[in-house]
Structures are given as C-alpha cells and as structure tokens.
Amino acid sequence: MVLSPDDPLRHPDLIEMARRLRSQLESVLDAERAAAHAIARRSETMRDRLIMAEDNGDRVVITCCDGGRRVGRLGGVGLDLVVVLGPDREQVVALRHIVTLETV
C-alpha cells in the first residue's frame, strides 16, 4: 500500500506515534524474551547445567554439602555423579552432594 503525500496517515504526529509504539513493542518483546529465558533457566536441573558446562568446556567451581570446593573443567557427567578435572587430579562428586555450581 503506497500512501500519497496528502494522505492523513502521513501526518507528523501519527508518524511519531508509530515510532513510539514500535519502540514500546520492541521493549515489551525484549522483556518477554528475558522472562522466557529466566523461566527456562529455573526449570533446568543441576544435571542439565553440568552437561551444558561440560559441552561448553567451561571451568566450574562446585561447592559440596561438606563445604569443600572442586574447581576445574568437567570430564564427564553421569546420571548421579560428575567428574571434575582439576589441575593435578580427577575428582568424582555425587550430584546429590552438590550445593552450588558456578561457571568461571
């Protein structure tokens, strides 16, 4: 649809209003995307996050229920355990003992 120069939809106020509405729509869509991402993140299990960290080759810091920390890259993620490759040794950690997981 081509608008003629005399068309009332070409009024400067309407053009500015359309710009503002487009900008608001983009803001709302960005907020919706962020909310969907947050919901998806909350529904991930610890194992899901560990598998993602292993796939990405991320360096992780795992805090265990005994207060110990394991630092390194992940060598493998099983159904109930994870292998952390530290600088000088491998450590096997049961998933049920993991309290926090950070990627660094």
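Keep in mind the model is a prediction, meaning the values are calculated, not measured.
A distance of 11.0 Å separates CD in Glu102 from CZ in Arg59, rounded to the nearest 0.5 Å. Taking CG of Leu81 as the start and CD of Gln91 as the end, the distance is 13.0 Å to the nearest 0.5 Å.
Residue Val84 belongs to a hydrophobic cluster whose other members are Met46, Leu50, Ile51, Val60, Ile62, Leu74, Val77, Val82, Val93, Leu95, Ile98, Leu101, with links defined by side-chain heavy atoms closer than 4.5 Å. Taking Ile, Leu, Val, Met, Phe, Trp and Tyr as members and joining any whose side-chain heavy atoms lie under 4.5 Å apart, directly or through other members, the hydrophobic cluster of Met17 also contains Leu21. Annotation for Val104: hydrophobic cluster partners, listed by chain and number, are Val61, Val71 (ILVMFWY side-chain heavy atoms under 4.5 Å, direct or chained).
For the residue pair Thr45/Asp48, the side-chain donor-acceptor check at 3.5 Å is satisfied.
Within 6.0 Å of the CD atom in Glu90, the count of heavy atoms belonging to other residues, nucleotides or ligands does not exceed 12. No more than 12 heavy atoms of other residues, nucleotides or ligands sit less than 6.0 Å from atom CZ of Arg89.
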From CA spacing to verdict: side chain to side chain contact (heavy atoms under 4.5 Å, CB included), Asp58, Met52: CA-CA 9 Å; Asp58 294 337; Met52 197 177 326; over 6 Å; no
